[in-house]
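Below: the structure, in structure tokens.
Residue numbers start from 1 in every chain, and the chains themselves are labelled A, B, ... in the order their sequence lines are given, proteins ahead of strands. Just so we're clear, the structure is a prediction, and the values are computed from it rather than from any experiment.
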Amino acid sequence: MPELPEVETIARDLRAALIGQSVVDVFIVNETIVEPERDYDVAQLIGKRIKHIDRRGKNLLLYFEYGLAIICHLKMTGRLIVDNTEKNHDKHLHFWIQFEKNRLLFYDTRKFGRICFISEKRIGRHARLARLGPEPFDITNTRFAQVVKARHKAIKLTLMDQEVIAGIGNIYADESLFAAGIRPTRKSSTVSRQQLLRLHWHVRQTLQKALDNRGSSVNDYLDGNGRKGNFQNLIEVYGRTGAACRRCGTTIKRIILGGRSTHYCPHCQR
DNA sequence: GACAACCTGACC
DNA sequence: GGTCAGGTTGTC
């Protein structure tokens, strides 16, 4: 479910609520969401303070004292919510940490999400993190144009390729390409350097706007406080199949690309 | 590249 | 009953 703006919003919410608190207890309700390779026993978290919380691509990183860390990927329906009122017997609650003042709960309807108990010094070598490309807000526009142009597949698939750029998923790939006026099916390598420089600007613009609106709650997404985002109300093409393009009135088209629904305006995007 | 797999729920 | 869903990974 969550892409960069959603994961970043959650990271900020968790940061505000949890930093500095000690772990009182940890509960794994469902082992299937825990990656089998662990650097330490979860009981070791008890008594340790949470030092900082980061995001890398769509991964959330929790750092505790004594070099203990947790990597969390929410995949499609995962949620990380700070809540003290929630009962523990929800069907989709798989993991939670009791802190001094708050409780952090991990829910996931489809159980695609994963939690990894890893030592801080090995985080960079975790298989999923090690392969991630640069963050869209860190990469320079010239470098962006370079790495995108080097790929020989549909530009939407390049944008969603986490090894090229980290954090862009189905919603923001569609929205960024609409903003830049580029058809999702165009081969990356055939898009001009000028167009790619513009695209990078629109990618950052789109992600920033989504961030300012606390992410998109199209289906399941809730922020770290259990509230919906607002960006779903500002979406131009994603999920608007058959509706009129707000820019030109043409009917928004839906095709399948890389197995994912892809939405675009046949008139505005060439 | 396309496709199935991992899962559950919503909707037609 | 079938289709679809903010993701990733492995197999043709």
query: Is the aromatic ring of A:F112 within stacking range of B:dC6, meaning centres under 5.5 angstrom and planes under 30 degrees?
result: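 The ring of A:F112 is stacked on B:dC6.
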
With heavy atoms under 4.0 Å as the rule, sort [X] into base, sugar-phosphate or nothing.
{"X": "A:S216", "result": "base"}
{"X": "A:N170", "result": "sugar-phosphate"}
{"X": "A:S217", "result": "base"}
{"X": "A:G215", "result": "nothing"}
{"X": "A:G169", "result": "sugar-phosphate"}
{"X": "A:K187", "result": "nothing"}
{"X": "A:Y238", "result": "sugar-phosphate"}

message: Looking at A:H267, I'd like to know if its NE2 atom is crowded, meaning that more than 12 non-hydrogen atoms belonging to other residues, nucleotides or ligands lie closer than 6.0 Å.
response: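 Counting neighbours around NE2 of A:H267, 12 or fewer heavy atoms of other residues, nucleotides or ligands fall under 6.0 Å, so no.
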
- request: Identify whether NZ of Lys or CZ of Arg in A:K48 sits under 6.0 Å from the centre of the six-membered ring of A:F64 and within 45° of that ring's axis.
  value: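 Ring-cation test returns no.
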
Quick check on [N]: is either OP1 or OP2 less than 4.0 Å from any side-chain nitrogen or oxygen of [X]?
{"X": "A:H152", "N": "B:dG1", "result": "no"}
{"X": "A:K153", "N": "B:dG1", "result": "no"}
{"X": "A:H73", "N": "C:dT8", "result": "yes"}

field: Gap in Å between the two C1' atoms, one belonging to B:dC6 and one to C:dG1, rounded
entry: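 About 22 Å, rounded to a whole number of Å.
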
query: How far does the P atom of B:dA4 sit from the matching atom of C:dG2, given to the nearest Å?
result: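 Going atom to atom, P in each nucleotide, I get 14 Å.
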
Candidates [options] - which lies nearest the side chain of [X]:
{"X": "A:T109", "options": "C:dG7, B:dG9, B:dG1", "value": "B:dG9"}
{"X": "A:K111", "options": "B:dC7, C:dA5, B:dG1", "value": "B:dC7"}
{"X": "A:R131", "options": "B:dT8, C:dT9, C:dT8", "value": "C:dT9"}
{"X": "A:N219", "options": "B:dG9, C:dG7, C:dA5", "value": "C:dA5"}
{"X": "A:R128", "options": "C:dC4, B:dC7, C:dT8", "value": "C:dT8"}

field: Centroid separation A:Y107 to A:H92 less than 6.0 Å
entry: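 Between A:Y107 and A:H92, the centre distance exceeds or equals 6.0 Å.
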
field: Minimum side-chain heavy-atom gap A:I97-A:R103 below 4.5 Å
entry: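 Side-chain contact under 4.5 Å: no.
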
query: Does B:dC7 have a Watson-Crick or wobble partner in any strand here, with both distances under 3.5 angstrom, and which is it?
result: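 By the stated definition (distances under 3.5 Å), nothing pairs with B:dC7.
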
- prompt: Could you go step by step and tell me if A:E35 and A:H73 meet the side chain to side chain donor-acceptor pair (under 3.5 Å) rule?
  reply: CA-CA 11 Å; A:E35 289 185 15; A:H73 199 302; over 6 Å; no

